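Heads up, the thing below is written out as structure tokens.
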Amino acid sequence: MQYGIFSVSDITRDPVSGETPSEAERIDAIVKIAKHAEEVGLDVFAIGEHHNPPFFSSSPTTLLAHIAALTEKLTVTTSTTLITTNDPVRIAEEYAMLQHLSKGRMDLMIGRGNTGPVYPWFGQDIRQSLPLALENYNLLHRLWHEDVVDWEGRFRTPLQGFTSTPRPLDDVPPFVWHGSIRTPEIAEQAAFYGNGFFANNIFWPKEHYQRLIAFYRERFEHYGHGTAKQAIVGLGGQAFIAKNSQDAKDQFRPYFNEAPVYGNGPTMEEFTDATPLTVGSPQEVIDKTLTFREWAGDYQRQLFLMDHAGLPLKTVLEQLDLLGEHVIPVLRKETEARKDPETPDAPTHESLVKAKYGDSAPRQPRPNANRGDNVTGASPYQDTEEQFQASYPAL
């Protein structure tokens, strides 16, 4: 099981101090948070993608590459990359570059996001959200698995003899998680490709996520990738921790009450009863998190949301200390003890390379010499049987 944190990159007024951090302060803080996540023993850091205030993460690959350079073991990923409004060609290029720079310490979560106006900002129609998500990932998958792609679809210009560069590290594409909170078609797509399915597991009752995950597992087995137990599942969650339960409630209540996402609605107690949010002692966080397995089955990745709602940097770092010292070691031990022997580990770059090549050396694509227009024709790489011959369109 991998444990980590994810951020939605919100910039929210601190209701206790009354201060709203600047964008510069929040960006600096998230780097410190990611570094500290590794220091306390977490495995994964994930950042969302937004293109509007009050969020700052409009360029996840830039941020994650910087974090990867400052860490040694941390897996960096997204939560999520917008598959609907980003060009799949750019996603293929940018995340393959991140894969190289991080030496494989990354993967990718794709989704449709939750901001409707982003569609016209990037020239798309929100009414085509689901077809865009399906078609764009189908293209991304091909760009990472084929040296040369000929492709035509509904939502972008055709590709003729196109090669996405750089090729994935060791010619093994990053592992892909499909994130969804409501859409069975996305679970179906994840199952079709044998990819991971991530349910953010924050706002709604567990029964909602349980249905989606069960459907994904069923379809994963249907497509022949393994048994339903071998499907790759990730869950989100929220926690606020203090040494004792009452202190946690007292400290978090003002942030809960004014949080844009759930303030002015149910009480904090009602919300924690109905959703995965845990506000309490380390043992309470452990106990509630262990219940996720009871309805989701064995799963491979657990991410916690801990830096939202205006919490100051000092508090978030203290939360990570408590999580790393008192919660994660117990969760690792208990999860391993309860794990079904059939359940696979979370995919890593190393495990994917091993699965593809065994003990053989992985492929390292080496391009042929530049001949002026290496954009059409056969593969431009030296290790292909058919040597590259450039062709030019008639003018």
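Remember, predicted model here, so these are calculated numbers, not experimental data. Values reported hereafter were calculated over all heavy atoms of this structure, with side chains retained and with hydrogens, waters and symmetry mates removed.
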Review point. Around Lys35, counting heavy atoms of other residues, nucleotides and ligands shown, do more than 12 lie under 6.0 Å from its NZ?
Key: no
Could you check Asp171 against Lys356 for salt bridge (charged side-chain N to carboxylate O under 4.0 Å, His left out), going step by step and ending with a plain yes or no? CA-CA 10 Å; Asp171 206 32; Lys356 180 172 181 177; 3.5 Å; yes
I'd like to check Phe162 versus Val89 (side-chain heavy atoms, cut-off strictly below 4.5 Å). Are they in contact?
yes
Exercise. Does the pair Arg26 and Glu23 meet the rule for a salt bridge (charged side-chain N to carboxylate O under 4.0 Å, His left out), with working shown?
Worked result: CA-CA 5 Å; Arg26 191 72 170 91; Glu23 291 177 336; over 6 Å; no
- Query: Any side-chain heavy atom of Phe292 sitting closer than 4.5 Å to one from Thr335?
  - Reply: no
Tell me if the CD atom of Glu185 is crowded by more than 12 foreign heavy atoms within 6.0 Å.
yes
Heavy-atom side-chain contact between Ile241 and Met306 under 4.5 Å
yes
Taken to the nearest 0.5 Å, the spacing of Ile328 CD1 from Leu323 CG works out to 4.0 Å
Quiz prompt | Asp340 bridged to Arg293 by N-O distance under 4.0 Å | solution = no
| task | Evaluate the side-chain proximity of Arg112 to Thr85: yes if any heavy-atom separation is below 4.5 Å, no if none is. | result | no
* Between His51 and Phe122, does the ring centroid distance fall short of 6.0 Å? -> yes
Does the salt bridge (charged side-chain N to carboxylate O under 4.0 Å, His left out) test come out yes or no for Asp359 and Lys354, once each step is laid out? CA-CA 7 Å; Asp359 294 328; Lys354 182 72 173 178; 2.5 Å; yes
- Name the orientation class of the two ring planes belonging to His225 and Tyr223 (parallel below 30°, tilted from 30 to 60°, perpendicular beyond 60°). tilted
Would a line drawn from the ring center of Tyr137 to the ring center of His178 be shorter than 6.0 Å? yes
- Task: State whether a side-chain donor-acceptor pair under 3.5 Å links Asn138 with Tyr193.
- Result: yes
### Message
Would you say Gln302 and Tyr299 are linked by a side-chain donor-acceptor pair, where the criterion is simply a distance under 3.5 Å?
### Response
yes
*Taking the six-membered ring of Tyr381 as reference, does the NZ or CZ atom of Arg363 fall below 6.0 Å from its centre and within a 45° cone about the axis?*
yes
Output for pair (Leu134 CG, Glu188 CD), nearest 0.5 Å, gives 9.5 Å
- request: Ignoring hydrogens and angles, state whether a donor on the side chain of Asp147 or Thr163 is under 3.5 Å from an acceptor on the partner side chain.
  value: no
* To do: Count the heavy atoms belonging to other residues, nucleotides or ligands that lie under 6.0 Å from NZ of Lys229, then report whether that count exceeds 12.
  => no
Check: Trp121 ring centroid to Tyr119 ring centroid under 6.0 Å
no
I want to check something: taking the side chain as every heavy atom from C-beta on, are Ser7 and Ile30 in contact at a cut-off of under 4.5 Å?
yes
